[in-house]
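So the structure is just underneath, and the comments pick up after that.
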Number of protein chains: 2
Amino acid sequence: MDSPPLYRKLATHYIDAIGAGSLKPGDRLPSLRSLMRMHDISLSTALQLCRAMESEGWVEARDRSGYFVKRPRRLAIAAMEEPATHVAPDPAQYVGIHAKVSDFVARRRQHEVRIDFSTARGSPELYPGEALRAIMMRLLRQKPALLTTAAPSRSLNPLREAAARRGLRVGMTLSPDEVLTTNGCIEALNLALRAVAQPGDTVAVESPTFYGLLQVLESLGMRALEIPTSPQTGLSIEALEMALDAYDNIKAVVTVPHLQNPLGSVMPDAHKERLVALCEQHDVALIEDDTYSELLDMDTPPRAIKSWDRTGNVIHCASLHKILAPGLRLGWISAGRWHSRVEMLKYTQTRSNEELSQWAAGEYMNTGAFDRHLRRLRDHLRQQREQAADAIAAHFPSGTRLNYPPGGLQLWVELPDHLPSMTVFDLALRENIFIAPGTLFSNSSRFDHYLRLNCGWPITETIEAGLRRLGEIASECAALQRKAA
Amino acid sequence: MDSPPLYRKLATHYIDAIGAGSLKPGDRLPSLRSLMRMHDISLSTALQLCRAMESEGWVEARDRSGYFVKRPRRLAIAAMEEPATHVAPDPAQYVGIHAKVSDFVARRRQHEVRIDFSTARGSPELYPGEALRAIMMRLLRQKPALLTTAAPSRSLNPLREAAARRGLRVGMTLSPDEVLTTNGCIEALNLALRAVAQPGDTVAVESPTFYGLLQVLESLGMRALEIPTSPQTGLSIEALEMALDAYDNIKAVVTVPHLQNPLGSVMPDAHKERLVALCEQHDVALIEDDTYSELLDMDTPPRAIKSWDRTGNVIHCASLHKILAPGLRLGWISAGRWHSRVEMLKYTQTRSNEELSQWAAGEYMNTGAFDRHLRRLRDHLRQQREQAADAIAAHFPSGTRLNYPPGGLQLWVELPDHLPSMTVFDLALRENIFIAPGTLFSNSSRFDHYLRLNCGWPITETIEAGLRRLGEIASECAALQRKAA
Ligand SMILES: Cc1ncc(COP(=O)(O)O)c(C=O)c1O
Ligand SMILES: Cc1ncc(COP(=O)(O)O)c(C=O)c1O
């Protein structure tokens, strides 16, 4: 893996210092001359460093006197509170989410999209389309039989190899045979759940969680037990422990340890270790959804939960859909002791994935370009999140809270005074602005006054205006609600 | 659609005459001169006609005296008997097929494949790899964003359009919106079954049927009720009627009307019409698996079952995997009144298929090249089936029966004296020759003395030798069994 350029490493160092508070808003960055001397770098590197920090909104240049740390507006917005962990709701067979999602989709369909904040998606130009295209063209020339030959069962290919190799970075020792390619993470989750649980069984999930998972559970006839989840540290291990003691038909836990959707929380390693032990002890399968790890603002993601797995009780699911190429449907699963059962279910559900895209993605992942792309992607997303968060701080009603995550595609916003985000959704829709209302992310009504905003698109003037308009709509609703009260 | 060249039409005419018996083995074809006069064709067309018939094994040239109808050896082999239709076995939750298939796969794994008669697959050179590759290269140049953009939900593309348009040829009037792309026919079957039935429900299937379907049912916790099926006309409508009267928890019927796997049977139109009415009357969903229609030896396949559907009770499933490109995993489903439910299940199971391969396949299907390819593919397969059947007639033990199908990739062979095909399988395996034993195609033991032979590969000397060796192995087993009796 290549390391980032020098100026980038230094920028990270100074950004960390800002994050840690040792450089405060208004402080002056060391002068170019001091930077050159302190870090033994050239003038051009020192300039690159300052310009990068400026373009990312960390510092601003003041005429002749140097670069000063900016006061990010988003710092003015309060963080969310921790959830109560002593209440785990009843497991109810969740048969409402499809209706909710269908209703949401149906309403959207009546309007043309002008600005879409509702999906969890990066904009196409953030992905290495050109490089992937070149690899695919070469593969088509060199291996035309990929189109006309059915994949031999169990064939290895560069994707499975790359997935296994990259697993090593996060503590997983897997051979390529233990990695099965799937149609995105969503198929991996389906297979994992079908392997470990039956219709009628209960599955513990984070609350809030991404509605795709609730839909999968509903379609499989399984019950979702929502476990309180911290905006900072993710799934509450205490609450899960209480739930495992209280209910005896919990067959699996599904968790997104890094950049949970929608919270953006990141589970500390100590929690991961406890979680693995707890699930083993209760003989409950642990399903790790690793869709977003590579979008964390760090060069190597933290250890995967599966890296603590000694008994094959953890099923690891991942995907390239959000990090490499949204036009490909590639994910994978390492199913531990359920490997054979998952392999069989995958065969009966969709057979092998097409080989061409697996080869193309795998070969790309085998080059240094992949890590360079990820670094660039994270940089863009960070800037976009920051600009979006600034706009929220500037335009949303006072009392709005925000969970500002250390990476990823989205922001999770809490409206003040329990303002229903469905109202904001409906009003915004009339102006062709789409958001994801919080009600989609839970079986309960706990998140009805939250909303999720996608930051996958560059913050153009249109997008900026859309955020402002959203803030105005929310403020108008808030004012009306206060008047009515 | 282009029509075939003139000589081909005339060849079909004479082959039909041989089939109908108006030209018998030993008869002389009209002389070149008579052919020219009778059909008003040039000498070169008349020669093309005779050479085509010769190379396909219908006639042989005798020095100076012209072309004579050959006695196909395969005519010496007896056809299979019709099944008794008054016995429908008990519906049993079928939990054995995975074990059988796994055992079969495990045994195969211990050996290197030398000759594989066990799959249902065409050889790569039978498919238009070059043309597909050219289209894909062009698409990558013209629409690179296909790689980096997630398919918008409900987006139309050339595949959905081509599938809808080709449906018209077989009597189905569908708009592209009613056609959902799937990962092969297998995903279509999964979605159809999940839409219309629940775990524990019973599904009526043909007996024998392809083991993939039995695996899907087992993995979904559904029960397979095997309905007697004619090697000629397919699913017995009488037997189904009796079963529908006898059992009240049958939720669906799955049928392969054209070139059923493994039988190769073709359901007459009158049966299709009765079947549609019967299922409607009993409020049972009818799932049509149309994987093989385009491999029938005719230019336009017969009407689809769905063409009789007036109430949305028929779900039509199809695939390009065997007819266009085994390296692509493209199929589709038109789910009638279950359309929304299937759309939702598809979304929760795998999301949309990748767009690039859909565009490539769809654009190819929109050209005349597709029908020309299909015609060539059918011609090759017919020759291969004929040569394989001749080899079986020559080398298999006397009393062997064969269902010689009017198209497709495979032959279904009945061994004499209830000789277990698993024994032949095991002995052949030791010589690295793979077959599919009949036991895989049913929950019962009724087909334990059958085997399925793939004819998707050109009959090279190696393959010919493999067929001879298989025949010898079967003959040795038969002799031993007779001696023991
Ligand atoms: C947490 C999480 N898991 C899984 C998925 C589905 O991923 P894929 O597109 O790879 O199927 C998503 C997509 O939104 C997600 O947010
Ligand atoms: C009758 C039948 N249906 C469906 C399938 C699966 O088709 P696909 O490869 O398109 O998923 C097969 C493959 O063997 C088959 O024979």
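Naming: A, B, ... by sequence-line order, numbering from 1 per chain. All values below come from the heavy atoms of this structure, side chains included, with hydrogens, waters and symmetry mates left out.
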In the structure I gave you, are the side-chain heavy atoms of A/Leu147 and B/Leu328 within less than 4.5 Å of one another anywhere?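 Yes, side chains in contact.
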Do A/Arg141 and B/Met137 touch side chain to side chain, with heavy atoms closer than 4.5 Å?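 With C-beta onward as the side chain, the pair touches.
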Tell me, out of A/Pro144, A/Gly327, A/Ala360, who's got the most heavy-atom pairs with chain B below 4.5 Å.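 Most heavy-atom pairs within the cutoff with chain B belong to A/Gly327.
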Return yes if some donor-acceptor pair links the side-chain N/O of B/Glu354 with the main-chain N/O of A/Arg329 below 3.5 Å, else return no.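 A pair under 3.5 Å: yes.
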Please state whether the side chain, the backbone, both or neither of [X] comes within less than 4.5 Å of a heavy atom of chain A.
X        : answer
B/Leu356 : side chain
B/Ala145 : neither
B/Asn183 : both
B/Ser352 : backbone
B/Arg121 : side chain
B/Leu146 : backbone

What heavy-atom pair brings B/Arg351 and A/Gly212 nearest, and what distance separates the two atoms?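 Heavy-atom minimum between the residues: NH2-CA, 4.0 Å.
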What do you reckon, is CD of A/Gln110 surrounded by more than 12 foreign heavy atoms closer than 6.0 Å?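 Yes - once you tally the heavy atoms of other residues, nucleotides and ligands closer than 6.0 Å, there are more than 12.
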Pick whichever of [options] has the most heavy-atom pairs under 4.5 Å with chain A.
options                      : result
B/Glu355, B/Arg109, B/Glu187 : B/Arg109
B/Asn353, B/Leu213, B/Thr350 : B/Thr350
B/Asn190, B/Val216, B/Val105 : B/Asn190

Rounded distance [0.5 Å steps], [atom1] in [X] versus [atom2] in [Y]:
X        : Y        : atom1 : atom2 : answer
B/Leu189 : A/Thr348 : CG    : OG1   : 11.0 Å
B/Thr149 : A/Tyr127 : OG1   : OH    : 10.5 Å
B/Leu345 : A/Gln215 : CG    : CD    : 10.0 Å
A/Leu140 : B/Leu132 : CG    : CG    : 10.0 Å

Enumerate donor-acceptor pairs with a distance under 3.5 Å from any side-chain N or O in residues 192-199 of chain A to protein atoms, sequence neighbours excluded.
| residue | atom | partner | partner atom | Å |
| --- | --- | --- | --- | --- |
| A/Arg194 | NH1 | A/Gln349 | OE1 | 2.6 |
| A/Arg194 | NH2 | B/Ser219 | O | 3.2 |
| A/Arg194 | NH2 | B/Ser219 | OG | 3.2 |

